[in-house]
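Labels below follow one simple rule: chain letters A, B, ... track the order of the sequence lines, proteins then strands, and each chain is numbered from 1. No hydrogens, no waters, no symmetry mates; every other heavy atom, side chains included, goes into these values.
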Amino acid sequence: MRQTPLTCSGHTRPVVDLAFSGITPYGFFLISACKDGKPMLRQGDTGDWIGTFLGHKGAVWGATLNHDATKAATAAADFTAKVWDGISGDELLTLAHKHIVKSVDFTQDSNYLLTGGQDKLLRIYDLNKPEADPEVVSGHTSGIKKALWSSDDKQILSADDKTVRLWDRSTFTEVKAINVAMSVSSMEYIPEGELIVITYGRTIAFHSAETLEQIKSFEAPATINSASLHPEKECLVAGGEDFKLYKYDYNSGEELESYKGHFGPIHCVRFSPDGELYSSGSEDGTLRLWQTTVGKTYGLWKCVIPEEEGGDLVKPKANLPGTAEEDLEDLGSENSDTLYSTAPEVKA
Amino acid sequence: MNAVEFGEGKVCKRSGSIFAILPTQWLSSSVLKFSLAVAGCCSGFPWKTSSSPLTRGLAASQRGCWHSEGASGAGSPPSQLAGQARFNKASTMKTPVAIIRLPHGPDGTRGFDPSSPRFQDLGPSNLSSLVTANPAELEREQEGRVALRKRYLRSLLAMTGRPVNFTMYEKVNVGALFGASDIDILNFQVSELKTPLGVQKEALLRCSDIIAYSFEL
């Protein structure tokens, strides 16, 4: 079957960041950061819009949700990071910075917020004491692009133009740093397995979150802006400057699929927490939701078995790859009794 | 022409449909000759362009013809090529996955619908007396709520083990033996759920799907 992406419209400028929440009793949620300054909250499995967080006065560069989507945080070009109520959409906190804020991340208990931006400083805010000054960690020599909690919130990972650094949360000291060949375009942290996925140039690299050593890397046909690993680590998706989404097998590095659909470079790709879909945000101002298993009934996608013309038996929709070519060789031998499932015939 | 025996119920691999293939001895030689002739002319047919009922009929007959041609060996390459051309078209023109509807977009407001289940459960308190902030009224309202909740929880206790009829969305009406509810009244555990597909021994009903339920005391 052919993949049908679900296009979520609403943003009027490029979508630069996406984040999913964890799985809650009400499903899971998706927040999108957009240069139009109006981040939106959506239902994760359908893409239905829930609400827009209104208040920022500049492009929103980063957005995140806490695990149960009760709180949202955004980082914007108006030199502030804001914390929002994920249920009512109300602005809870405004945290002033000295420069554009690029990245925000909640700890698992939602008590602390990590921010990083163009002022090259990492800040840790205690959300229960918002008036108190944040703890500041310095050391980066260029603007921070992404800052994430790691190792059960005991360490911090941060990426700037040329380096990826690991910090100890309690002592605020740098534990490890690695240099990256080209400007880091994205970083994703996978708690199960302590992995990080980094993209730079046309490379998608996997490093250990504890030692920062490279485990493996793949090269894509075009400059990649973002990549995401499936929760079960079976496959990964990546998107970049050629408007296409690529799907790779994680173990072999083989390119499994590529999808066209966006009308602009893809800025962000993220897998959902249940692994059933992934979403991509693009320069064209849209988010698209893509199925991991094409043809499966999930969310708004429905598996439909078409009726054949001429009264033939209805065939199961299982798409067995390779049956097309194999059948031709077997045509001579009529002895096997296996039923081959094929794509429905197109009447000539 | 080679006399070939076919088994019954052989599957045509191309189309995936099952044909009951008649053993050749049942067919007169003239019928076979005709079908072979049709097959011969069909192999040169411009498959990709024709779509009239006539050609569809020819296509159907050619499917039957494949077996005789392929088994006999003579003239099989042309029909194989025609079949290959047809199959390539089938595999490159994959049907797109169907969708129920497009995702809902923003409606111009800021959203965060107060009537959504999540807002109702986790949102700011719905106590109307909070508006007046009168402590006496607050106390009375709270007592009323306590009494109502207590009654409801007792009703759930009374329901256990009894047959309950659930009215759900999409005109679904099912009966089951009520087991228990979870702490947030989001799911009901039931047994012997009578569904149109049969009786489900154990099941979990999502409360958001239930409109109403009733039982006899």
Side-chain angles (χ1 to χ4, degrees), chain A residues 1-4 6-10 24-26 40-43 46-54 70 87-90 289 291 294-296 300-304 306 308-310 312-313 315 319 323-324 327-328 330-332 334-348, chain B residues 6-7 9-11 13-18 21 45-51 55-56 59-60 66-67 70-71 73 76 79-80 83-84 86-91 93-107 109-114 116-119 121-124 184 186:
Chain A
M1 299 215 78
R2 197 153 45 93
Q3 165 94 263
T4 308
L6 291 169
T7 306
C8 309
S9 54
T24 79
Y26 306 91
M40 292 188 184
L41 184 70
R42 294 174 189 271
Q43 193 70 41
T46 56
D48 288 336
W49 172 81
I50 295 174
T52 308
F53 298 104
L54 297 170
T70 49
I87 319 283
S88 63
D90 294 333
L289 301 178
Q291 280 186 294
V294 182
K296 190 172 172 180
L300 297 176
W301 290 287
K302 202 168 172 87
C303 175
V304 172
E308 271 277 33
E309 247 185 287
D312 286 340
L313 287 181
K315 296 187 275 284
N319 196 9
T323 44
D327 283 349
L328 296 166
D330 287 342
L331 189 64
E334 298 294 356
N335 297 325
S336 70
D337 289 327
T338 351
L339 181 75
Y340 285 88
S341 307
T342 61
E345 288 179 335
V346 176
K347 294 293 178 268
Chain B
F6 295 96
K10 276 282 179 242
V11 177
K13 291 173 189 174
R14 283 293 162 76
S15 67
S17 42
I18 300 175
I21 307 298
F45 218 87
W47 280 104
K48 289 183 182 160
T49 53
S50 51
S51 59
T55 55
R56 277 202 288 275
W66 269 356
H67 286 274
S76 36
S79 67
Q80 270 193 349
Q84 183 176 20
R86 189 168 103 181
F87 208 90
N88 280 347
K89 185 173 184 198
S91 55
M93 268 196 56
K94 289 191 260 190
T95 47
V97 180
I99 53 174
I100 304 170
R101 57 167 174 85
L102 288 173
H104 293 137
D107 57 6
T109 67
R110 73 191 269 284
F112 298 102
D113 182 17
S116 71
R118 200 167 82 114
F119 194 105
D121 295 339
L122 306 173
D184 299 309
L186 285 171

At a heavy-atom distance under 4.5 Å, which candidate from B:Gly111, B:Gly105, B:Pro106 has the highest pair count against chain A?
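Most heavy-atom pairs within the cutoff with chain A belong to B:Pro106.
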Relative to chain B, which segment of [X] carries a heavy atom at a distance below 4.5 Å: side chain, backbone, both, or neither?
{"X": "A:Thr24", "result": "neither"}
{"X": "A:Leu54", "result": "side chain"}
{"X": "A:Gln43", "result": "neither"}

Give, for atom [atom1] of [X] and atom [atom2] of [Y], the distance between the pair rounded to the nearest 0.5 Å.
{"X": "A:Thr46", "Y": "B:His104", "atom1": "OG1", "atom2": "NE2", "answer": "8.5 Å"}
{"X": "A:Leu6", "Y": "B:Leu102", "atom1": "CG", "atom2": "CG", "answer": "7.5 Å"}
{"X": "B:Ile99", "Y": "A:Lys302", "atom1": "CD1", "atom2": "NZ", "answer": "12.5 Å"}

Report which part of B:Ser116 has an atom under 4.5 Å of a heavy atom belonging to chain A: side chain, backbone, both, or neither.
neither
[Y] side chain reached by [X] side chain, heavy atoms, under 4.5 Å:
{"X": "B:Val97", "Y": "A:Gln3", "answer": "no"}
{"X": "B:Pro103", "Y": "A:Arg42", "answer": "no"}
{"X": "A:Leu41", "Y": "B:Phe112", "answer": "yes"}

Can you list the residues that meet the side-chain contact (heavy atoms from CB on, under 4.5 Å) rule with A:Ser9, with sequence neighbours excluded?
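For A:Ser9, no residue satisfies side-chain contact (heavy atoms from CB on, under 4.5 Å) once neighbours in sequence are set aside.
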Under the side-chain contact (heavy atoms from CB on, under 4.5 Å) test, residues paired with B:Asp184 that sit two or more places apart
B:Leu186
Per-residue tally against chain B (heavy atom, under 4.5 Å) across A:Pro25, A:Gly295, A:Gly89 peaks at A:Gly89
Heavy-atom closest pair (A:Met1 atom, B:Pro96 atom, distance to 0.1 Å) is CE-O, 3.9 Å
Taking every heavy atom of B:Asp121 against every heavy atom of A:Tyr26, the minimum-distance pair comes out as OD2-OH, 2.6 Å
